[in-house]
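Right, one structure below, let's go through it.
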Amino acid sequence: MNFTYAQPRTLAELLAQKDAQTHLLAGGTDLLVDTRSGKKSVARVLDIKAIPELRGIRAVKGGLQIGACETFTHLLRSPHLQKYPALRECASVMGCHEIRNRATLGGNICNASPGSESSVVLSVHEAQINIASRRGTRRVAYDDFTTGVNRTCLEPDEVVVSIFIPSAPRALGIYRRITRTAGMDLACWNGAALVFSPNTPAKREIRFAFGTVMSTTYRPRAIEAQLSRRPLTPADMDAAYEAICAEIQPRASSLRASPDEKRRAIRNFLNELLALLTPAPTRRQPTA
Ligand SMILES: Cc1cc2nc3c(=O)[nH]c(=O)nc-3n(C[C@H](O)[C@H](O)[C@H](O)COP(=O)(O)OP(=O)(O)OC[C@H]3O[C@@H](n4cnc5c(N)ncnc54)[C@H](O)[C@@H]3O)c2cc1C
């Protein structure tokens, strides 16, 4: 691997140097793997780890602001994550100890893998991505940030500065994944739910999202609306499951899990959600 390397010390320095020929190096756990394997050809690298404007995990008005270069280990250590249980859960199962020590949240969203750990959690929280370039700043909803497999809406001169996650007081947050090898593999499938007013059916707002079943995170807003603000029955979840299966397009060529396994994971996820949101008699056991 031959490339030139520079380490800007401020965001202004970084933006002055960022162009289409430049790759950003955060933790390097995707970039260096892709460069070594030949998937990416890299001529010029800007190491962004030392830039203070890309660091910090802060409670701000209405939510949490996470610097793009914060690692998953830093997320796990932050006391703020107690209020974001789905994010905490995803950070705790992401990769393995060594990967979590290097991998950043910014790198995770910019790599834009369909099963990336943070994708479904950021989607249900309706996170906003703060982006900067020499031309100014802009804020993009997470669901509009990822545009395809390994593709984002970033222009060549843009960088992700931070991720804003709106708070969800007293909401129920869950994150689930299936994986082939515990601790060293990307999720074969993942899902997250965020439920506001979980114990008051008339006020309840249900959000959920699934990874690896489309090229970007799948968030079925119309189906969420049908399940919200009313008591839930197993028949409601059956209907939701059928509607989801009619929309998703899991790849048959996926090396990690078959479409059937992903559909089964969704079925179990919905059953679990039903069990968490309804009194015991309406509960149903997971399918094997
Ligand atoms: C052994 C192993 C296990 C893994 N397990 C998992 C797993 O369980 N779950 C999972 O989701 N991923 C996993 N990964 C993939 C990877 O670790 C994550 O995607 C990680 O979050 C990438 O972050 P990074 O800081 O290392 O990114 P980098 O590799 O530094 O960068 C990734 C891409 O994003 C760009 N980029 C980085 N930061 C910015 C920014 N601020 N603005 C604009 N562009 C930027 C880079 O230029 C590059 O194109 C694994 C990887 C390995 C090698």
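Fair warning: this is a prediction, and the values are worked out from it, not measured in the lab. In each ligand, atom 1 is the first atom listed, and ligand 1 is the first ligand listed.
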Please classify the [X] to ligand 1 contact at 4.0 Å (heavy-atom distances, strictly less than): side chain, backbone, both or neither.
X: Leu32; answer: neither
X: Leu54; answer: neither
X: Ala68; answer: side chain
X: Val160; answer: both

For [X], counting its heavy atoms only, list the atoms of ligand 1 lying under 4.0 Å from any of them.
X: Thr104; value: 21 (O), 23 (O), 24 (P), 25 (O)
X: Ile99; value: 1 (C), 2 (C), 3 (C), 17 (O), 52 (C), 53 (C)
X: Gly27; value: 24 (P), 25 (O), 26 (O), 30 (O)
X: Phe72; value: 21 (O)
X: Ala103; value: 17 (O), 20 (C), 21 (O), 23 (O), 25 (O), 26 (O)

So for ligand 1, is [X] a polar contact partner (N or O within less than 3.5 Å, distance only)?
X: Gly28; answer: yes
X: Gly115; answer: no
X: Met94; answer: no
X: Gly95; answer: yes

Contact between Arg177 and ligand 1, counting heavy atoms under 4.0 Å?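 Under 4.0 Å: yes for Arg177.
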Lys40 near ligand 1 by a heavy-atom separation under 4.0 Å: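 Checking ligand 1 against Lys40, which is what was asked, there is a heavy-atom contact under 4.0 Å.
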If you count every heavy atom of other residues, nucleotides or ligands that lies below 6.0 Å from Arg263 atom CZ, does the total exceed 12?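 Atom CZ in Arg263 is packed in, count exceeds 12.
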Please work out which of [options] has its closest non-hydrogen atom nearest to [atom].
atom: atom 19 (O) of ligand 1; options: Leu154, Ile131, Asn111, Asp30; result: Asp30
atom: atom 9 (N) of ligand 1; options: Arg100, His23, Glu117; result: Glu117
atom: atom 13 (C) of ligand 1; options: Val161, Val93, Leu186; result: Leu186

Both conditions, 6.0 Å and 45 degrees, for the charged tip of Arg267 above the ring of Tyr241: are they met here?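 Cation-pi check for Arg267 and Tyr241: passes.
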Cation-pi geometry met for Arg44 and Phe3 (6.0 Å, 45°):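 Relative to the ring axis of Phe3, which defines the angle, Arg44 lies outside at least one limit.
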Passes salt bridge (Lys or Arg N to Asp or Glu O under 4.0 Å), Glu224 versus Arg219? Steps please. CA-CA 9 Å; Glu224 291 174 352; Arg219 172 101 191 270; 2.6 Å; yes
For Arg207, is there an ion pair with Glu205 - N to carboxylate O distance below 4.0 angstrom?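 Yes, Glu205 and Arg207 are salt-bridged.
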Salt bridge between Asp30 and Lys40, side-chain N to carboxylate O under 4.0 Å?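 So Asp30 does not pair with Lys40 through a salt bridge.
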Polar side chain donor-acceptor pair, Gln249 to Arg251, under 3.5 angstrom: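 Judged by distance alone, the side chains do not pair up.
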Hydrogens and angles aside, do Glu126 and Tyr142 bring a side-chain donor and acceptor to less than 3.5 Å of each other?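 Checked: Glu126/Tyr142 side chains show no N/O donor-acceptor pair below 3.5 Å.
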Is the distance between the ring centroids of Phe208 and Phe210 under 6.0 Å?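 Yes - the distance between ring centres of Phe210 and Phe208 falls below the 6.0 Å cut-off.
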Verify salt bridge (Lys or Arg N to Asp or Glu O under 4.0 Å) between Arg221 and Asp143, making sure each step is shown before the conclusion. CA-CA 12 Å; Arg221 286 169 192 258; Asp143 284 346; 3.0 Å; yes
Got a second to check how far Glu70's CD is from Lys49's NZ, nearest 0.5 Å?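 Answer rounded to 0.5 Å: 13.0 Å.
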